[in-house]
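Structure first, then comments.
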Amino acid sequence: MTTETATLRRGLRSRHIRFIALGSAIGTGLFYGSSEAIQAGGPAVLLAYLIGGAAVFLVLRSLGEMAVHNPCAGSFGEYATRHLGSLAGFTTGWTYAFEMVIVCIADITALGVYMGFWFPDVPRWIWLLAAILVIGVLNLFHVKVFGEMEFWLSLVKVVAIIAMIIAGAVVLVIGLKGGGGTHTGISNLWSHGGFFAQGTHGFILSFAVVMFAFGGTEIIGVTAGEAEDPKKTIPGAVNSIPVRIVLFYVLTLAVIMSLNSWENVGSDGSPFVQIFVGLGIKSAATVLNVVVVVAALSAINSDIFAAGRIMYGMAERGQAPKVMRKLSRSGVPVMTVTIMIGALLLGVLLNYLIPDRIFLIISSIATFATVWVWLMILLTQMKARRSMSPEEQAALDYPAPFWPYGQIIAVVFMAGVTVLLAFSASTRVALIVGAVWLALLAVVHRVWLRPREAARAVAAATAAGPAAAGSGSGDGPEARPSPSAAPAAAE
């Protein structure tokens with residue numbers, strides 16, 4: 001049973017928020033996409049992850065400032081509407097939903113690759129279809145079920161990564177060699193063409209793949225609408241991100257490339273699994289393959305949750321069809337979850353038609369969508385902060401650091417990453433798809449949303465007619481609602 005009058009339930013506790021954030025940071029981008037980043041930049045990709053992580057931290061602190069100040073289901077889509085206007089909020093919200101669909105397709109694609117480790121003869125699309133149906137059904141339960149499931153899935157990933165780092169360190173200390181005499185040692189980070197083995201050009205181009213790994217971390221802002229105590233849980237989740245970046249990306253990949261030369265990292269499976277296969281430790285490879293499968297399921301779980309909540313918030317503001325406001329008895333936006341499942345079936349078809357090229361194409365499109373959303377978050381926070389009085393700025397519970405220079409540098413960095421997509425034939429398609437997508441949203445906004453907003457503004461002015469008449473002619477500036485007020489009056 002569904003209803004339009006129910007509201008999202010605040011059922012996510014502190015540990016849920018923290019591990020949902022972990023689930024978004026530790027996923028396909030690390031366990032599978034890192035192989036593409038390593039091939040592009042060589043060992044210098046470690047520096048790229050540090051720089052990219054610092055930029056993402058500034059984005060999330062900017063989002064955290066707004067989420068703590070005003071937690072809501074629409075998150076950055078609603079903030080953009082309020083501070084940058086209806087078109088900005090409309091494109092931001094729908095681009096994030098688009099990002100989640102694309103990232104989810106990348107996640108299920110990686111899942112199919114992982115399952116090929118055990119069942120090489122089974123078509124990939126079969127695993128994808130099964131994963132979509134199972135995770136989709138689980139997302140229809142109460143938000144506490146989602147939070148609890150994501151807590152345990154993410155815990156498995158965290159424990160496994162720490163164990164892998166320890167096991168890798170042991171292998172490095174004892175100097176174990178692979179079946180082909182593979183050399184192990186931290187000298188692998190600079191002895192195969194140098195630390196910048198692919199040159200400055202390769203190092204810069206690696207950012208196009210590196211930033212994909214951090215996509216989805218903005219889910220922290222989306223969870224604010226269902227967090228039991230946003231002022232406590234959101235800062236705790238955001239502040240732990242620098243530690244996660246160093247531990248789960250830089251340190252982990254440093255161990256991977258020390259156990260084997262970066263040149264031997266391929267894209268036929270997870271580099272985490274490949275390394276231990278090459279070293280002849282097949283039991284460890286099997287365990288790690290279980291972990292990367294869990295990581296993919298966790299990421300898909302988070303993607304469906306985030307897209308559903310952002311579309312629900314847009315429907316509340318009248319920026320999405322009214323049907324997306326329908327909630328189940330347990331307060332879950334059932335229609336948006338169903339829509340996500342339907343969209344992901346496209347991923348099954350693409351994996352059936354172009355299994356060899358799908359991941360790089362999808363990940364580059366996801367990078368474009370992700371960076372666009374991050375840019376809008378930064379610009380929204382800058383506009384919101386500048387609209388505050390000094391007293392209001394001083395009263396913020398969780399102000400973003402390095403204001404305003406850190407945000408300006410982050411904006412320039414994100415714009416630069418977008419430009420990088422044009423320098424490779426394999427990622428250039430992302431700019432084409434992204435431009436078409438934004439143009440389509442602009443047309444839909446002008447043809448569909450603006451007339452609806454104008455009608456609501458006229459209705460509001462008519463309802464306020466007697467009061468307006470008593471204050472003058474009724475057609476002065478004070479009689480017109482502000483642009484940001486119109487979309488808030490959802491049908």
Residue pair Pro321 / Ala315: nearest heavy atoms and the distance that separates them: O-CB, 3.7 Å

Any Val291 side-chain heavy atom under 4.5 Å of Met164 side chain: no

Where Leu128 and Ile108 come nearest, the two heavy atoms and their spacing: CD1-O, 3.0 Å

Euclidean distance, Thr380 OG1 relative to Arg82 CZ, rounded to 0.5 Å: 11.0 Å

Over 12 foreign heavy atoms within 6.0 Å of CZ, Arg446: no

Contacts of Trp374 that satisfy side-chain hydrogen bond (donor to acceptor under 3.5 Å, both in side chains) - sequence neighbours left out: Glu218

Check: Ser363/Glu36 side-chain N/O donor and acceptor closer than 3.5 Å: no

Contacts of Ala37 that satisfy side chain to side chain contact (heavy atoms under 4.5 Å, CB included) - sequence neighbours left out: Val45, Tyr49, Val209, Val210

Pairing residues for His445 by the side-chain hydrogen bond (donor to acceptor under 3.5 Å, both in side chains) criterion, not counting sequence neighbours: Ser86

Partners passing ring-ring contact (aromatic ring centres under 6.0 Å, His included) against Phe203 (at least two apart in sequence or in another chain): Phe196, Phe207

Ala208 backbone acceptor or donor facing Thr367 side chain under 3.5 Å: yes

For Ala430 against Leu421, the heavy-atom pair lying closest together: CB-CD1, 4.2 Å

Minimum heavy-atom distance between Tyr312 and Met324, given as atom pair plus value: CD1-O, 3.8 Å

Full working for side-chain contact (heavy atoms from CB on, under 4.5 Å) between Ile377 and Met66: CA-CA 9 Å; Ile377 289 173; Met66 296 184 289; 4.2 Å; yes

Side chain to side chain contact (heavy atoms under 4.5 Å, CB included) partners for Trp118, two or more places apart: Met115, Thr286, Asn289, Val290, Val293

From CA spacing to verdict: side-chain contact (heavy atoms from CB on, under 4.5 Å), Gln381, Trp403: CA-CA 10 Å; Gln381 186 267 338; Trp403 168 262; 3.7 Å; yes

side-chain contact (heavy atoms from CB on, under 4.5 Å) evaluation trace for Val444 with Leu449: CA-CA 7 Å; Val444 172; Leu449 189 60; over 6 Å; no

Those residues that, when tested against Phe119, pass ring-ring contact (aromatic ring centres under 6.0 Å, His included) (two or more places apart): Trp127

Residues forming a side-chain hydrogen bond (donor to acceptor under 3.5 Å, both in side chains) with Thr370, sequence neighbours excluded: Glu99

Sole residue of Val59, Val371, Ile51, Val56 in side-chain contact (heavy atoms from CB on, under 4.5 Å) with Phe413: Ile51

Which residues share a side chain to side chain contact (heavy atoms under 4.5 Å, CB included) with Thr95, sequence neighbours left out: Ala369, Trp372, Val373, Trp437, Leu438, Leu441

Partner residues of Val433 under the side chain to side chain contact (heavy atoms under 4.5 Å, CB included) criterion, sequence neighbours left out: Phe98, Ile365, Val429

Point-to-point distance, once rounded to the nearest 0.5 Å, from CD1 of Ile162 to CG of Leu251: 10.0 Å

Pairing residues for Thr109 by the side-chain hydrogen bond (donor to acceptor under 3.5 Å, both in side chains) criterion, not counting sequence neighbours: Asn351

Heavy-atom closest pair, residues Gly64 and Ile234: CA-CG2, 4.1 Å

Tyr79 side-chain N/O to Asn70 backbone N/O, donor-acceptor pair under 3.5 Å: yes

Under the salt bridge (charged side-chain N to carboxylate O under 4.0 Å, His left out) test, residues paired with Glu65 that sit two or more places apart: Arg385

Gap separating the CG atom of Leu58 from the CE atom of Met414, nearest 0.5 angstrom: 8.0 Å

Nearest atoms (heavy-atom pairs only) where Thr427 meets Leu420: OG1-O, 4.4 Å

Ile102 side, atom CD1; Asp107 side, atom CG - distance, nearest 0.5 Å: 11.5 Å

Separation of Gln319 CD from Thr81 OG1 (nearest 0.5 Å): 4.0 Å

Straight-line distance of Cys104 SG to Ile362 CD1, nearest 0.5 Å: 11.0 Å

Side chain proximity check, Tyr398 to His69, heavy atoms < 4.5 angstrom: no

Step-by-step side-chain contact (heavy atoms from CB on, under 4.5 Å) determination, Met314 to Trp94: CA-CA 8 Å; Met314 293 184 69; Trp94 276 111; 2.9 Å; yes

Residues which pass salt bridge (charged side-chain N to carboxylate O under 4.0 Å, His left out) with Lys383, listed by chain and number, not counting sequence neighbours: none

